[in-house]
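Here the structure is laid out as structure tokens; the discussion comes afterwards.
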Amino acid sequence: FAQPRNTDSYDYYNYHTISEIYRFQDMLVAENPNLVSKVVIGQSYEGRPLNVLKFSTGGTNRRAIWIDTGIHSREWVTQASGTWFAKKIVTDYGRDAALTAILDNMDIFLEIVTNPDGFYYSHTRNRMWRKTRKPNRGSSCIGVDPNRNWDAGFGGPGASSSPCSETYHGPSAHSESEVKSIVDFVKSHGNIKAFISIHAYSQMLMYPYGYTRTAVKDQAELHAVAQRAVSNLASLYGTRYRYGSIINVIYQASGGTIDWTYNQGIKYSYTFELRDTGRYGFVLPASQIVPTARETWLALMTLMDHTFKNPY
Amino acid sequence: KETFEGHQVFRIVPKDDVQLSLLKDLEDMFEFQLDFWKDVTGVGTPVDVRVPLDSLESFKSHLETRDVDYSIMIEDLQAVLDQEQEEMDSAAR
């Protein structure tokens, strides 16, 4: 098998294993030493590095934007899109005025494989694997839903207490190192102003809350920005998204990522559910990766640009 | 490697609150070993669910006796996964 020699020859139109994505990250850093660095924020349960790409043009502890993809491992189009986003950022910096302005003033953190053990397992043993891979005491069922493991209504309705369920919340909030590492990073950084967590599939852009019907105090603004983001997304291929708060657009879900980040004071907390062709579900054909990433990028830029222009 | 021969993915669009409630009950039911790909949200919103081969007949019967319409989104999941793997191998070469 041929390995790409650089990130230009990386095949963005196909799915890749975790080792190929790790290699991609190292190549991107090596090719762009003044813009990209790799931050290892922790280790997964099985000891894999939790790599975050930091895009920065300098400064100290600048205001920052966080993006993560692939916390649910079987949602392969998200990790693939994350890889495309990483390349897009280095390609567009200096060429695209909006992105350049953002990066001249803010940092972007991108975690492409947020659940590496699950991702590896989905490639090697079970393509349908969604959770982490930590064993559960007293149960033969493995793993926790890392999107129910956050300290925001933890253990409430919309999460399961059964380790065999796909929505098992885990023994305690932040019990999963994949989650705790982000928690520690966000807290220690202290200046993250937007947090965008990307899932697949069903074409939705959502903001908090999922664990309570109480509206967030910034609802009007978050709603208006979401509307603009999905409109820009649709401008490319006509892909239609629903948008709103998690509990209104989907259902009650406790312990979710962006509920926690919002409660930490990160106003621009959003979560995506990427493209759904209505034919393939999690097995979206590789030919859809780049179109999905391209349209999502337009929405991401809307969110990032708004964050940049509306400091708080 | 776990395989999914004969597993099908159903698409079900709940027509009313009764069907919605029925689908919600299925989410908590381990009997059919269902894997909800797209969870139950509201009337008119599609629900996608993977059904293992062993549960196919009983699950279909469960839906039909309750007058719940469904379509098959993926006929044989393993066939789709095989194609996906083939594409990955081919691209890597």
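Throughout, protein chains are lettered first and strands after them, A, B, ... in sequence-line order, and every chain is numbered starting at 1.
More than 12 heavy atoms of other residues, nucleotides or ligands shown are found within 6.0 angstrom of CD on B:Gln85.
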Discussion item. Pair A:Phe282, B:Leu77 - check side chain to side chain contact (heavy atoms under 4.5 Å, CB included), show working.
Written reply: CA-CA 11 Å; A:Phe282 297 118; B:Leu77 180 58; over 6 Å; no

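Expressed to the nearest 0.5 Å, how far CZ of B:Phe30 lies from OG of A:Ser165 amounts to 5.5 Å.
Annotation for A:Met128 and B:Leu81: closest pair CE-CD2, 4.2 Å, computed over non-hydrogen atoms. Here the shortest heavy-atom pairing between A:Trp76 and B:Met88 reads CZ3-SD, 3.8 Å.
Near-neighbour residues of residues 116-124 of chain A relative to chain B, defined by a heavy atom under 4.5 Å from a heavy atom of that chain, comprise A:His123, A:Thr124. Contact residues of residues 243-252 of chain A toward chain B are A:Val249, A:Ile250, A:Tyr251 (heavy-atom distance under 4.5 Å). Contacts of residues 35-46 of chain B with chain A at a heavy-atom distance below 4.5 Å involve B:Asp35, B:Phe36, B:Trp37, B:Lys38, B:Asp39, B:Val40, B:Thr41, B:Thr45, listed in sequence order.
Contacts with chain B were tallied for A:His16, A:Arg130, A:Glu166, A:Arg74; A:Arg74 has the most, counting heavy-atom pairs under 4.5 Å. Among the candidates A:Tyr13, A:Tyr280, A:Tyr201, the residue making the largest number of heavy-atom pairs closer than 4.5 Å to chain B is A:Tyr201.
Neither the backbone nor the side chain of A:Thr167 comes within less than 4.5 Å of any heavy atom of chain B. With a threshold of 4.5 angstrom between heavy atoms, B:Glu84 approaches chain A through side-chain atoms but not through N, CA, C or O.
Sorted by first and then second residue, the ring pair (Phe, Tyr, Trp, His ring centres under 6.0 Å) pairs with a member in residues 61-93 of chain B read B:Phe10-B:Tyr70, B:Phe32-B:His62; sequence neighbours excluded.
The residues B:Glu2 and A:Arg127 are annotated as not salt-bridged, no charged nitrogen and carboxylate oxygen being separated by less than 4.0 angstrom.
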